[in-house]
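Numbers restart at 1 for each chain; the letters A, B, ... are given by sequence-line order, proteins then strands.
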2 protein chains.
Amino acid sequence: MNDLLGALKPLGLLEAVAAMQHPATLAELVASVGVPKPTVHRWLASLEAAGLLQRTPDGRRFELAPRASQLAFSILGNRPGGSTRHEILQRIVQEVGEACNLTVLDGTQVKYLDRVESNWPLRITFQQGSKVPAYCSASGKLFLALMQPAKRDLLLGQMPLERLTDNTVIDKSELLKELSNIRRDKYALDREEFMTGLVCLAVPIHQQKGRSRACVAALAIQAPVTRVSHTDIVSKLPILQRAAETIAATLTE
Amino acid sequence: MNDLLGALKPLGLLEAVAAMQHPATLAELVASVGVPKPTVHRWLASLEAAGLLQRTPDGRRFELAPRASQLAFSILGNRPGGSTRHEILQRIVQEVGEACNLTVLDGTQVKYLDRVESNWPLRITFQQGSKVPAYCSASGKLFLALMQPAKRDLLLGQMPLERLTDNTVIDKSELLKELSNIRRDKYALDREEFMTGLVCLAVPIHQQKGRSRACVAALAIQAPVTRVSHTDIVSKLPILQRAAETIAATLTE
DNA sequence: TATAGACGTTTCATATTTCGGAATTTTCTG
DNA sequence: CAGAAAATTCCGAAATATGAAACGTCTATA
């Protein structure tokens, strides 16, 4: 229940009170959050002093106070950009019928910020937050292709090129040629280079930075090669590019 | 700004982020809450670890994360704290004799936070927590009309306009014209655009956000067209507006 | 392409706060 | 009015927060 760190632990109490149907007593909350009684008491006092909770007229129970509502409306009126983007991913999955993900470059690896799975029984399950090497994934090659050459050289230098499948490109000059093509095409493919049977198409998401546009994230669809061939997947490009534009708009809003 | 005690101080940051219309940088937040830079940095890290905030894909700004939305819905769906609001809805139903509801915008859809039914045998039963598309509901059009233009364009871009009844507006320019009228009139009508036989009138609930007032929720009445015509329903406007003011007052305190 | 400046992050010695077992007071129950 | 249960207060040990300064890193301008 209480997975909050350090100073935010009292917030777990607010969540607990908000989750209850009736105003809660101290004893109920002690049972609910599993923290010693004096501590819960102190936390409740803090939340009350902050105006987030208030006591019921009888003085023995706690309920939400006006400031909690204010905060809630404030949060909902300022809808997280993350959920906006998540909705866009969902729409892509609806349209193309394959899994879709949003990634950023994290060192020499590609990190999944968000992901929506397809509805097919056969599907590749990556979990959000996991990472894959940049040199053998569509998103990763895209980042490498679009970054400043100096930075690219630096990263390639500290990135061991290991063979993960028969198709993995482990020759540096061959990889550089591929990156140059990607820069020209404005999209990248993973032709079973990371995992046999898995193909992927990625497009960049740009953000205005001063006078230049930098590629800060990538949008990609992944599919089993048995359902979508290396060449068929490129037909999804327009859908992906349009969605990328929409997501880019959420970055400046 | 920061009147929170001890362990809850980082919460002031959550409020600050929620109060901004753009994802905030560390420097902006330092200026906003008046706390030393390393401290803000640490608080942000806590909130991020807790899942209440997340970084934008470029890694330089902070925005609300899913857990913040969860918390907000949890707070607003909570009966004890919402009892005042619920009573206001009940009073409206008494006065106008038709169903009344309180909504927020959740992505491209309108979500029912609370609802009180009329006592007539013939009534439309929506349940609390359900959602309807924004472009063809009174509340939804109200939100679209009153939000920042950039945000509106973004949402309209990802919102497929489907014909649900003969009256549904599916032409984008026509919809924009309607939104402009709504902005002028300060109320919105649903003339059987979502469901044949159902008319609806919605007014905004504003919350002070920094220097400007944002529309964070909407209050609406719904009625069968056989009982209240498209034009008659506007006569309920004063009652609705007065109630909206009352609810808004609980948010400014 | 070089360079000044802004911004974000880390460090670390110090000071403050929190923690929770036990004692105490208040409230409920029969 | 006793006895039990719940809420509140105490307080020393332990953990944590604090913020000035230093350090990287990115950005804007020449």
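- Formation of a donor-acceptor pair under 3.5 Å by the A:Gln109 side chain with backbone atoms of A:Gly107 is not found in this model.
- Smallest separation of non-hydrogen atoms from A:Thr25 and A:Glu28: N-OE1, 2.9 Å.
- The minimum heavy-atom distance between A:Pro204 and A:Cys215, with the atom names listed, is CB-SG, 3.7 Å.
- In terms of heavy atoms, A:Leu156 sits closest to A:Leu175 at CD2-CD2, 3.9 Å.
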Nucleotide N/O to protein N/O under 3.5 Å, stretch nucleotides 28-30 of chain C:
none

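- When each of B:Pro36 and A:Lys151 is assigned the nucleotide of DNA chain D bearing its nearest heavy atom, the one mapping closer to the 5' terminus is B:Pro36.
- Atom CZ of B:Arg61 and atom P of C:dA6 are 18 Å apart (whole Å).
- Tested against A:Val116 for a side-chain contact (heavy atoms from CB on, under 4.5 Å), the candidates A:Gln94, A:Arg91, A:His86 yield a single pass: A:His86.
- In this structure, A:Leu155 atom CG and D:dT25 atom P are separated by 13 Å, rounded to whole Å.
- In summary, A:Lys141 and A:Glu193 engage in a salt bridge, as defined by a charged side-chain N under 4.0 Å from a carboxylate O.
- Sorted by first and then second residue, the salt bridge (charged side-chain N to carboxylate O under 4.0 Å, His left out) pairs involving residues 149-176 of chain A (not counting sequence neighbours) form an empty list.
- Between the side chains of A:Thr103 and A:Asn101, no donor-acceptor pair of N or O atoms lies under 3.5 Å.
- A heavy atom closer than 4.0 Å to some atom of DNA chain D occurs in no member of residues 102-110 of chain A.
- Looking at heavy atoms from C-beta onward, B:Asn78 lies out of side-chain contact with B:Ile75 at the 4.5 angstrom threshold.
- Direction change of the helix axis from one end of the helix from C:dT1-D:dA30 to C:dG30-D:dC1 to the other is 60°, with five pairs defining each end axis (rounded to 10°).
- Considering every non-hydrogen atom in both A:Glu98 and A:Val93, the closest pair reads O-CG2, 3.4 Å.
- Judged by distance alone, the side chains of B:Arg60 and A:Gln207 never bring a donor and an acceptor atom under 3.5 Å apart.
- Not counting sequence neighbours, the partners of A:Tyr112 by the ring-ring contact (aromatic ring centres under 6.0 Å, His included) test are A:Phe126.
- For B:Arg55, the salt bridge (charged side-chain N to carboxylate O under 4.0 Å, His left out) test picks out B:Glu48, with sequence neighbours left out.
- Rounded to whole Å, atom P of D:dA7 lies 14 Å from atom CD of A:Glu48.
- Within a heavy-atom distance below 4.0 Å of DNA chain D, no residue of residues 142-150 of chain A is found.
- Residue pairs that meet the salt bridge (charged side-chain N to carboxylate O under 4.0 Å, His left out) test with at least one member in residues 239-251 of chain A, sequence neighbours left out, do not exist here.
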Using the 3.5 Å cut-off, write out each protein N or O paired with an N or O of nucleotides 12-17 of chain C and the distance between them.
none

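- Atom CG of residue A:Leu201 and atom CD of residue A:Gln222 lie 11.0 Å apart, to the nearest 0.5 angstrom.
- The phosphate of D:dG19 (OP1 or OP2) has a side-chain N or O of B:Thr39 nearer than 4.0 angstrom.
- Taking A:Asp114 as the reference, nothing meets the salt bridge (charged side-chain N to carboxylate O under 4.0 Å, His left out) condition, with sequence neighbours excluded.
- Between A:Glu178 and A:Arg191 there is a salt bridge, since a side-chain N of the basic residue sits under 4.0 Å from a carboxylate O of the acidic one.
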Between protein and nucleic acid, restricted to nucleotides 8-14 of chain D and to nitrogen or oxygen atoms under 3.5 Å apart, what atom pairs and distances do you find?
unit_1	atom_1	unit_2	atom_2	d
D:dT8	OP1	A:Arg55	NH1	3.2
D:dT8	OP1	A:Arg55	NH2	3.3
D:dT8	OP2	A:His41	NE2	3.1
D:dT8	O5'	A:His41	NE2	3.1

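- We find that CG of B:Leu29 is positioned 13 Å from C1' of C:dG8, with the value rounded to whole Å.
- Note on A:Trp43: every side-chain N or O is 4.0 Å or more away from OP1 and OP2 of C:dT18.
- The salt bridge (charged side-chain N to carboxylate O under 4.0 Å, His left out) search around A:Glu63 returns none, not counting sequence neighbours.
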